[in-house]
Amino acid sequence: MYAEWRTGLPGVLAWRRDVGPAGSTARILPDGCLDLMWRDGDLLVAGPDTTAQLAVSAPGTRWVALRFAAGIGPAVLGVPAAELRDLRVPLTDLWPAAACHVPDDDPLRGLHRLVTARWRRPDPLVTGIAARLRSGTPVAAVAAQTGLSARQLLRRSQESFGYGPKLLGRIMRLQRALGRAQAGVPFATVAAEEGYADQAHLSRDVKELAGVPLTTLLS
């Protein structure tokens with residue numbers, strides 16, 4: 001069972017997952033987000049992924065987490081996103097052990113308390129970059145609209161998202177394309193309207209980022 005819902009913090013979703021008696025393997029697609037996760041008493045931080053990750057869970061595992069939208073997590077966790085890229089690390093690697101306690105009887109409340117204590121207002125420049133890339137704005141136009149040079153945009157993106165704006169744009173385009181394909185839009189139409197050269201380009205990009213063909217993801 002998996003469920004997610006909004007929290008009272010901007011750009012932060014809560015989610016939980018209860019694994020059945022057979023265990024599970026989930027394919028986690030890259031999305032530019034960071035997650036602060038409780039797993040059966042352990043606290044972990046999932047950094048931004050560059051490609052899909054396979055999450056293997058033992059039977060009966062309980063997950064409860066907060067997911068930070070692109071650019072929001074690093075200020076709260078106190079570490080540049082690039083240092084967490086493609087990693088899953090214990091929270092104690094980032095914070096003092098004394099600050100990493102979450103009660104097992106109500107882990108979501110505990111996670112919310114930890115985050116609230118270190119909350120930082122999202123940087124409008126960073127969230128603006130993410131919003132423009134999410135909408136499909138070309139990287140050069142993002143730099144021009146935000147008043148950043150190409151070098152400055154690259155540095156801010158690596159610090160805030162874990163990778164450069166070109167890769168983040170590709171990842172967000174993948175998310176848009178997958179959503180439209182799930183809604184039944186023909187692949188050729190998705191490719192044309194989301195800026196891919198053709199359907200073959202869409203297929204290659206999906207395979208590179210997700211690790212499997214688009215048809216496999218949809219199934």
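In what follows, every heavy atom counts, from backbone to side chain, and hydrogens, waters and symmetry copies are set aside. For this chain, numbers begin at 1 and follow the sequence in order.
Under the rule for a side-chain contact (heavy atoms from CB on, under 4.5 Å), the partners of A143 that lie at least two apart in sequence or sit in another chain are L153. With sequence neighbours left out, F187 forms a ring-ring contact (aromatic ring centres under 6.0 Å, His included) with no residue at all. In this structure, the salt bridge (Lys or Arg N to Asp or Glu O under 4.0 Å) partners of R170, at least two apart in sequence or on a different chain, are D205, E208. With sequence neighbours excluded, the residues that form a side-chain contact (heavy atoms from CB on, under 4.5 Å) with D93 are V89, P90. Checked against side-chain contact (heavy atoms from CB on, under 4.5 Å), A141 has the following partners two or more places apart in sequence or in another chain: T137, P138, Q145.
Cluster membership check: V45 does not share its hydrophobic cluster with Y163, using side-chain heavy-atom separations under 4.5 Å among Ile, Leu, Val, Met, Phe, Trp and Tyr. No continuous path of hydrophobic side-chain contacts links M172 to I28 [ILVMFWY only; heavy atoms under 4.5 Å]. F68 and V126 fall into different hydrophobic clusters, where Ile, Leu, Val, Met, Phe, Trp and Tyr side chains are chained together by heavy-atom contacts under 4.5 Å. Taken together through direct or relayed side-chain contacts under 4.5 Å among Ile, Leu, Val, Met, Phe, Trp and Tyr, F161 and L29 form part of one hydrophobic cluster. Hydrophobic clustering keeps I129 apart from L154 (ILVMFWY residues linked when any side-chain heavy atoms are closer than 4.5 Å, directly or through intermediates).
Under the 4.0 Å criterion applied to side-chain N and carboxylate O atoms, R67 and D35 are assigned as salt-bridge partners.
Members clustered with M1: none, using a 4.5 Å side-chain heavy-atom cutoff among hydrophobic residues. Members clustered with W15: Y2, V19, M37, L44, W63, by chain and number, using a 4.5 Å side-chain heavy-atom cutoff among hydrophobic residues.
Minimum heavy-atom separation, A65 to L111: CA-CD1, 3.8 Å. Of all heavy-atom pairs spanning P48 and L34, the tightest one is CD-CD1, 3.8 Å. Across every non-hydrogen atom of D104 and G41, the tightest pair is OD1-CA, 3.7 Å.
For the salt bridge (Lys or Arg N to Asp or Glu O under 4.0 Å) condition, the pairs that include at least one residue of residues 121-137, sequence neighbours left out, are D123-R156. Among residues at least two apart or in separate chains, there is no salt bridge (Lys or Arg N to Asp or Glu O under 4.0 Å) pair with a member in residues 105-119. A side-chain hydrogen bond (donor to acceptor under 3.5 Å, both in side chains) check over residues 79-90, counting only residues at least two apart or in different chains, returns the pairs D49-R88, T50-D86. Here side-chain hydrogen bond (donor to acceptor under 3.5 Å, both in side chains) pairs that include residues 174-190, with residues two or more places apart or in two chains, are R176-E194, R180-E193. Counting only residues at least two apart or on different chains, no ring-ring contact (aromatic ring centres under 6.0 Å, His included) pair has a member in residues 91-116.
The structure places OG of S160 at 10.5 Å from CD1 of I72, a figure rounded to the nearest 0.5 Å. Note that the CG atom of L43 and the CG atom of L114 stand 7.0 Å from one another [nearest 0.5 Å]. Rounding to the nearest 0.5 angstrom, the gap separating the CH2 atom in W38 from the CG atom in D40 is 5.5 Å. The distance from atom OG1 of T51 to atom CD1 of I171, rounded to the nearest 0.5 Å, is 8.5 Å. Summarising the geometry, atom CZ belonging to R173 is positioned 11.5 Å from atom CG belonging to L133; distances are rounded to the nearest 0.5 Å. Taking CG of L218 as the start and CG of L214 as the end, the distance is 4.5 Å to the nearest 0.5 Å.
A donor-acceptor contact closer than 3.5 angstrom links the side chains of S24 and R17.
When each of L66, V115, L13 is paired with T7, the side chain to side chain contact (heavy atoms under 4.5 Å, CB included) condition holds for L66 and for no other.
A donor-acceptor contact shorter than 3.5 Å is absent between the side chain of Q158 and the backbone of R155. Using modelled atom types, one side-chain atom of R27 and one backbone atom of A210 make a donor-acceptor pair closer than 3.5 Å.
Considering only heavy atoms from C-beta on, L36 stays 4.5 Å or farther from V76 through its side chain. A heavy-atom distance below 4.5 Å is not found between the side chains of L168 and P165.
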